[in-house]
Amino acid sequence: MASRFNPLAADARWQELWEERGTFHASNDSSKPKSYVLEMFPYPSGRIHMGHVRNYTMGDVLARYRRMKGFEVLHPMGWDAFGMPAENAAMEKKVHPGEWTRENIATMKAQLKRLGFALDWSRELATCEPDYYGHEQALFLDLYEAGLVYRKQSEVNWDPVDMTVLANEQVIDGRGWRSGALVERRKLSQWFLKITDFAEELLEGLGTLDQWPDKVRLMQENWIGKSVGMRFSFRLEQPAAGLTKLEVFTTRPDTIFGSSFVAVSPDHPIALELAEAQPEVAEFIADCKRGGTTAAELETAEKKGFDTGLKVLHPLDAEWKLPLYIANFVLMDYGTGATFGVPGHDQRDFEFASKYGLPINRVVASSLDEADKPIANEAESGGGVIVNSGFLDGMDVEGAKAAVIARAEAEGWGQGTTVWRLRDWGVSRQRYWGTPIPIIHCESCGPVAVPKEQLPVVLPEDVSFDQPGNPLDRHASWTKVDCPRCGAAARRETDTLDTFVDSSWYFIRFASQPGDRPFDKTDAESWLPVGQYIGGVEHAILHLLYARFWTRALKRIGRLDVEEPFQGLFTQGMVTHETYKAGDGSWLSPDEVKRDGDDWVHIENGQPVTPGRVEKMSKSKKNTVDPEPIVDQYGADAVRWFMLSDSPPERDLPWSEAGIEGSWRFVQRLWRLSQEHAAGEGEDRALDRKLHQTIAAVGANIEALAFNKAVANIYELATAIEKAPPSRSRSTAAEALLLLVSPMVPHVAEEAWSAAGKTGLAADASWPEADPALLVEDEVTIAVQVNGKLRDTLTAPKGAPRETLQEMALSSEKVVKILEGKSPRKVIVVPDRLVNLVA
RNA sequence: GCGGACGUGGCGGAACCGGUAGACGCUGGAGACUUAAAAUCUUCUGCCCUUAGGGCGUGCGGGUUCGAGUCCCGCCGUCCGCACCA
């Protein structure tokens, strides 16, 4: 028997056997309880990176564990295969996006297979293939028929040199990333999905997702952004921009008597109208648009306003005139693009009023007596009673809100309303490498759905990227079709769908993939919702929200009776590595540097190297470690074990050479342990207890995805077994240990399991049962404290009565010495834990 | 600016409900085995004091408690998200 475990030979052998036997095939018809474990499918960018390895290892441990616990487990894998990188590669390397993508898939699939993941490859799918996206087109048309898809004008970033639409990330400092040309805003007619119809239920649904991280739920809540308030109008003293009224939105109608100005966005029709006649207004608007548009940039930017000279009349007092400003902090696409300022009770308005010398009035106070107390150094945004507000005086904030809304509605100048931050989902992309939108534009019929029997609308392969723009636009034979309705010559839609559509239902297709329709309702419902979904936090909002929306939309049209697609969500941390910088400031990769005592040097030229911060592995900082050579060197199990060890899975995992070597040593240690055949007789109660405690702890920790703790439990058991003298208990424990580690390091587990003469696969074995009788210790260590300080420990039988423990503590030599004959004033006894003597 | 998370040895991190802080791993030291190296095994490894032993220690300052890493108040720092949300 080999004294060393050789992963080079063993890994592939077991992987082939699992494959041959279909060990990880999930059956839709199984009578076992079902469990769906899913990791976010990868974009086929070229090669697997450490982040993938970590993500898929976590899911794999859970999937294998659940199988051993008796579940029929669905653990599939596929490819999020449409997207811009393929088109970029097409332009740069002159390869077809499809060819580039399919080659990457082949490479990455081979890499994944070498890690021995318990995946059902028979359900593999790639979103770029017609047998996937054709069904997506059918679903899109179902939503279209149900009125959940519509078309409207929308702005895009247009690169006038490359003649193409740019994503936000392709716009750098207002210029196209390739051409460097100043980006223009263009209006195009685009397709939208009515996600706003679902705003309320998407928000409420968050409340049911108790197995999601709070952080993600909060991010989605903020993204949906429900605000309850009031929409109402100020009359303009004189008409402007063809308007006689200015409609504003506020969440604080209770402070209506505290307003001292009204402000509109620089994009507001009034502002734009004024700009045409007054150059200084135009200049102010242009000034507002300089600089960044992110929250952080805008927040720190100076609050600026332009007094238009116009006045508006207060709805509750026509004699009261307020100045109308254009202000850089008012957003056109939120509410009505206009608001009123209450400097006393809103900090931003306070700063604005201070700057422009506007009145700062108090309308909320802690009591009626403090109505005249001036607002000091900052706005008071808290609650209290309303003051200086006519009919509202004495009411609380909530009561006043209701009263103002009631009066506005009665008098017809405003109404209570809910405003959402969420906007409809624009799904049109002016790109080739995506799902064609199955619509035909006819001169006389307008947009017409492609008849279902003509699906899929297949992307033409004969395209070239040597000219700027979308190749579909200039593909004459593909775009030219007859109108399905009137038969006249018509033109295909050349936009493709946002790739987030592809990832909004792939988990349903994994569960059920008939050839003639997107999925079978009964089959899909037998697996859904996904029990545990694992992926990066970068998808906390868009992907997860769109998938939730898509699922609810399917429910609404009666296609699938599932409300939430992902019951449990886990967002894992990144894999990080130290960074290295050469003297000239350029980044160096880990294999270009070596340690020299306490310092680092460049291997090639011996120049000193400065080690930098530990950061997320990225190509730009060159601190990546390619998993494949690591697997070559150490085998799949060592890499998997490393991914699970030390760092809690939700936190970052620092990659280290020493760490992977430690993992390798442990894999070998497991092997050696399994090879010792010192047969023994008799029981070892202490070891039995350790084994059963470990069985329980490892199971609980895997279920909680606390892999680092499960790893620590296993180390302890391994050490206990090694130290124990031969006995029947020891043999039993050594065998059970193989099952406990098998979800994590399946290859060495199988090898040792088979070497131990077991029939069947470790992967097919049942998870060992923990005997409850062996989970409790019969002796416990009691801490003895004097005044809360630990002075001694003693051993007592579990469940010993308080009196006994107190006596034992008082007779401790150390305690006697410290008490110097005095008796304690008070004794606190926590059974099975400690005795605290208060002197 | 707003929102959120976090802060424990040389490092990654344990610590259930307030009850022996530092499990487990990495690194490092000492030793065994070996011609030698690797591998392996034994052992030590929070800081300070000269030892028996003692003192100090969970970012900082307070508080509650017999007892605080854990609860409360106030700071400081780091990281993440952001859409100025009226």
Side-chain angles (χ1 to χ4, degrees), chain A residues 3-4 213-216 218-219 221-223 225-227 229-230 248-253 255 259 263 265 293-301 303 327-331 333-336 338-342 345-349 351 381 419-423 537-538 540-541 573 576 614 641-642 645-648 650-654 656-663 665-666 668-669 672 700 706 708-719 722 781-794 814 817 824-839:
Chain A
S3 63
R4 249 171 56 143
D214 291 343
K215 179 195 169 125
V216 174
L218 185 67
M219 283 166 84
E221 189 182 319
N222 291 338
W223 187 268
K226 181 179 185 174
S227 294
M230 182 172 87
V248 301
F249 173 75
T250 180
T251 54
R252 289 294 302 273
T255 61
S259 59
S265 158
T293 53
T294 69
E297 284 167 319
L298 290 166
E299 275 286 359
T300 39
K303 307 288 176 269
N328 64 348
F329 56 83
V330 180
L331 298 179
D333 49 14
Y334 182 78
T336 61
T339 188
F340 69 86
V342 184
H345 306 283
D346 180 279
Q347 186 57 24
R348 199 187 47 215
D349 295 347
E351 285 166 26
S381 54
V419 166
W420 302 88
R421 202 200 137 281
L422 186 68
R423 284 168 226 143
V537 73
E538 67 272 19
I541 299 173
T576 59
V614 174
W641 188 254
F642 181 87
S645 304
D646 292 354
S647 288
E650 69 278 11
R651 284 203 224 167
D652 290 350
L653 170 69
S656 76
E657 198 64 30
I660 184 68
E661 277 174 13
S663 297
R665 280 200 299 272
F666 180 69
Q668 294 302 331
R669 195 176 148 203
R672 278 197 308 278
N708 57 321
K709 294 186 207 169
V711 162
N713 299 144
I714 285 168
Y715 272 116
E716 281 192 57
L717 178 63
T719 304
E722 282 168 345
T781 308
I782 305 289
V784 181
Q785 299 180 333
V786 178
N787 294 330
K789 271 189 202 283
L790 180 71
R791 294 300 176 182
D792 200 3
T793 58
L794 48 89
K814 290 174 187 168
K817 210 162 132 194
R825 275 193 297 126
K826 192 175 173 187
V827 180
I828 285 131
V829 180
V830 182
D832 295 336
R833 280 236 174 240
L834 63 68
V835 179
N836 187 13
L837 307 166
V838 185

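Just so it is clear: chains get the letters A, B, ... in the order the sequence lines come, proteins before strands, and each one is counted from 1. Quick note: numbers below take in every heavy atom, side chains included, and nothing from hydrogens, waters or symmetry partners.
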Under 4.0 Å protein heavy-atom contacts per nucleotide of nucleotides 3-22 of chain B, with B for base, S for backbone only and - for none: SS-------BSSSB--BB--

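To the nearest angstrom, P of B:A38 lies 15 Å from CZ of A:R4. With rounding to whole Å, A:F340 atom CZ is found 12 Å from B:A86 atom P. When rounded to the nearest whole Å, the span between NZ of A:K814 and P of B:G53 equals 7 Å. Regarding A:F329, its CZ atom lies at a distance of 12 Å from the C1' atom of B:C85, rounded to whole Å. In this structure, A:N787 atom CG and B:G67 atom C1' are separated by 10 Å, rounded to whole Å. Between A:R665 atom CZ and B:C24 atom C1' the separation is 14 Å, expressed in whole Å. Atom C1' of nucleotide B:U40 and atom CZ of A:R669 are separated by 11 Å, given to the nearest angstrom. Atom NZ of A:K789 is separated from atom P of B:G53 by 18 Å (rounded to the nearest Å).
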Audit row: A:R669, A:T719, side-chain contact (heavy atoms from CB on, under 4.5 Å) steps and yes/no: CA-CA 10 Å; A:R669 195 176 148 203; A:T719 304; 2.9 Å; yes

side-chain contact (heavy atoms from CB on, under 4.5 Å) between A:V711 and A:F642, worked out: CA-CA 10 Å; A:V711 162; A:F642 181 87; over 6 Å; no

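Across all strands shown, A:R252 has heavy atoms under 4.0 Å from sugar-phosphate atoms exclusively, and none from any base. Base contact: A:F249 has a heavy atom under 4.0 Å from a base atom.
Across the C1' atoms, B:G7 and B:G13 are found 13 Å apart, a figure rounded to whole Å. B:U51 sits 28 Å from B:G59 when the P atoms are compared, rounded to a whole Å.
Qualifying ring-ring contact (aromatic ring centres under 6.0 Å, His included) partners for A:F666, counting only residues two or more places apart in sequence or in other chains: A:W641, A:Y715.
With hydrogens and angles left out, the side-chain atoms of A:S259 and A:R252 include no donor and acceptor closer than 3.5 Å.
Taking every side-chain heavy atom of A:A712 into account, B:A23 is the closest of B:C26, B:A23, B:C66. Distances were taken from every side-chain heavy atom of A:T339 (C-beta onward) to each of B:C85, B:G25, B:A86; the shortest belongs to B:A86.
In this structure, A:V711 and A:D349 both approach RNA chain B, and ranking their closest nucleotides by distance from the 5' end singles out A:V711. In terms of position on RNA chain B, the residue among A:A658 and A:E722 whose nearest nucleotide sits closer to the 5' end is A:A658.
Between the side chain of A:D346 and the backbone N or O of A:R348, at least one donor-acceptor pair lies under 3.5 Å.
With a 3.5 Å limit on both pairing distances and Watson-Crick or G-U wobble geometry required, the stems of 3 or more pairs in RNA chain B span B:1-7 with B:76-82, B:10-12 with B:24-26, B:28-32 with B:40-44, B:46-49 with B:53-56, B:59-63 with B:71-75.
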